[in-house]
Amino acid sequence: MTKHEADTPGHSPGFEIAIIGGGITGVTLALALDRRRIRCTIYEQAAQFRELGAGLGFGSNALRAMRVCDERVLAAYRRVGRHVSGPPSSTTSTGTESKVGAPAGPVWIEFLDGTSPVAARELAPAFTIHAPADGHGAVHRARYLDELVRLLPAGAVRFGKRLHEITQPAGDGKLTMVFSDGTTARADAVVGCDGIKSRTREIVAAGLKNGEEVDARCGYSGKFAYRCLIPMDRVVEDLGEARAREPSLWMGPDRHVLTFPIGPSGPGQLLNLVAFVDSGSRSWPSETSLTLPATREDVVRDFRGFGPNVQRLLGMMQATPDRWGLFDLVDRPLARFNHGRILVIGDAAHASTPHHGSGAGFCTEDVAVLASLLEHLSGGAASLEAAFAALDASRRERCQWLVASSRRSADVMEWREPGFTRGPPDFDAIRRDMETRQSICWDVDMKAMVRAAKEDLQRRINQLQASSELGPQ
Ligand SMILES: Cc1cc2nc3c(=O)[nH]c(=O)nc-3n(C[C@H](O)[C@H](O)[C@H](O)COP(=O)(O)OP(=O)(O)OC[C@H]3O[C@@H](n4cnc5c(N)ncnc54)[C@H](O)[C@@H]3O)c2cc1C
């Protein structure tokens, strides 16, 4: 059932994977499988690749995962990203020795009191969180996706294919996908990378309940965000060189603003600004859209009570920014990431609010583990199902931790979480809490994670072989 050959570049297993969705997760998976000579096709609902939004921060965990996926993914990130690392240390590319807060690490984010009347040039940070010495970085989403897409082999994508249904045979045999345009396609296994509104997640959740209708949709977290990109030169002029270029988080009651530069420094560099607001309600005004139109006046009104630095930054927004509802799976975590040979990864499996800056990094970790599990399989329904079960066992707890922790972290930074709210904010307690949680995100040993998942898969395969040798009782 398995071939335990060493990494053989020419190895081409006899199965084909369907990938639903061509976002960062789906495209990275296609590249990681292509590098392992595993046949796959992306089915994307849109007419072309498209990344909405602005900047994407990546921690050291994401970089380690990129390397496991495919060196070309890491190279793509390096071409378009702004990466900051500390002085060289003894840390290996996949090691965990380098810790959050280590003095050698570069600044991740400087946290500031957003309500302070002191001008940005004179205002000292309330505290600073350092990244591990191997650093962190940020990319422009669309540019990063473009770089990845460029590497896809010809014919890897079918556009205009919106997944509607999947039928999965009980034993061997291919699965059939039905798309909204009435066409069908077949594959040996399906990986849903279809993001926050994942149809594949609904199919997996229903399958786990024997076909019962289940609500597997993400829920509104109660928070929304305004996002924009501002030319860096403008911000430097207003807030000064140091504050403009240093990643900064402006804290305040029930709201906060995050700014960081994206893309290589120099002319054309942009500042990514995300202004988060707690709406005080768990109901989002639209049934169908995650974004709603807004005006700059809405933003300014929402941040009344913040100091002049935040007001200046928000004044640089475009006249009609979008308001993005932040949805996640805190209230409806999946019981498993797979049902048989249908699997979800990325936001489809663990959509999260963005407060650890790690959603896409965790998507990349998923891909690294999944591709590593598949590279040793020779196929067969049972072994593909075992690989998906091993992925679930390896990843679910960590990813669902991120979803819950991200929501909580926002409440800590917005001085709402019990224990952080009394009197003037306890910045030291906030720092310690954030450092501990960021460390869980970043200080991960990808090689060990992949090794453990492969060992688990091997045990599952051995059990399958033992039971097939015993035959029916
Ligand atoms: C405000 C904000 C800031 C963030 N900041 C960061 C950050 O700094 N760092 C970080 O790591 N992460 C961050 N994230 C999270 C990150 O953006 C996501 O985790 C990541 O983009 C998810 O990628 P994905 O490919 O899984 O899903 P998506 O990007 O949503 O891609 C899903 C794809 O599937 C397609 N699709 C959907 N349904 C179907 C269907 N039925 N059939 C076929 N195709 C379908 C879609 O068209 C889309 O192309 C942030 C998120 C938000 C909202």
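Throughout, numbering of the chain's residues begins at 1 and tracks the sequence. Whatever order the structure lists them in is the order used to number ligands and atoms, beginning at 1. Side chains are part of it too, since the values below use all heavy atoms of this structure and drop only hydrogens, waters and symmetry mates. Since this is a predicted model, take the numbers as computed values, not measurements.
Protein heavy atom nearest atom 3 (C) of ligand 1, with residue, atom name and distance: P354 CB, 3.4 Å. Summary of contacts: the protein heavy atom closest to atom 6 (C) of ligand 1 is L56 CD1, 3.6 Å. Of the protein's heavy atoms, G57 O, 2.8 Å lies nearest to atom 9 (N) of ligand 1. Protein heavy atom at the shortest distance from atom 28 (P) of ligand 1 is G195 CA, 4.2 Å. Nearest non-hydrogen protein atom to atom 12 (N) of ligand 1 is A360 N, 3.0 Å.
Closest to atom 47 (O) of ligand 1 by heavy atom, among R158, E44, R199, H355, is E44.
Within the 4.0 Å heavy-atom shell around ligand 1 one does not find H164. Using a 4.0 angstrom heavy-atom cutoff, A225 does not count as in contact with ligand 1. Not a single heavy atom of W324 sits closer than 4.0 Å to an atom of ligand 1. Note on ligand 1: A46 sits outside its first shell, no heavy atom being nearer than 4.0 Å. For the ligand labelled ligand 1, residue R141 lies inside the 4.0 Å heavy-atom shell.
Between F260 and ligand 1, no pair of N/O atoms sits closer than 3.5 Å. Taking only nitrogen or oxygen atoms, main chain and side chain alike, K197 does not reach within less than 3.5 Å of ligand 1. Residue L163 has at least one nitrogen or oxygen atom sitting less than 3.5 Å from a nitrogen or oxygen atom of ligand 1, judged on distance alone. Checked against a 3.5 angstrom limit, the closest N/O atoms of I196 and ligand 1 fall outside it. For ligand 1, none of its N or O atoms has an N or O atom of R227 under 3.5 Å away.
Contact between G325 and F224 at its shortest, heavy atoms only, is CA-CB, 4.1 Å.
In this structure, the side chain of R282 engages the main chain of Y220 through a donor-acceptor pair within 3.5 Å.
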- [ ] Any chance you could lay out the salt bridge (Lys or Arg N to Asp or Glu O under 4.0 Å) test for E202 and R217, step after step, and finish with the verdict?
- [x] CA-CA 7 Å; E202 293 176 342; R217 288 174 304 173; 5.7 Å; no
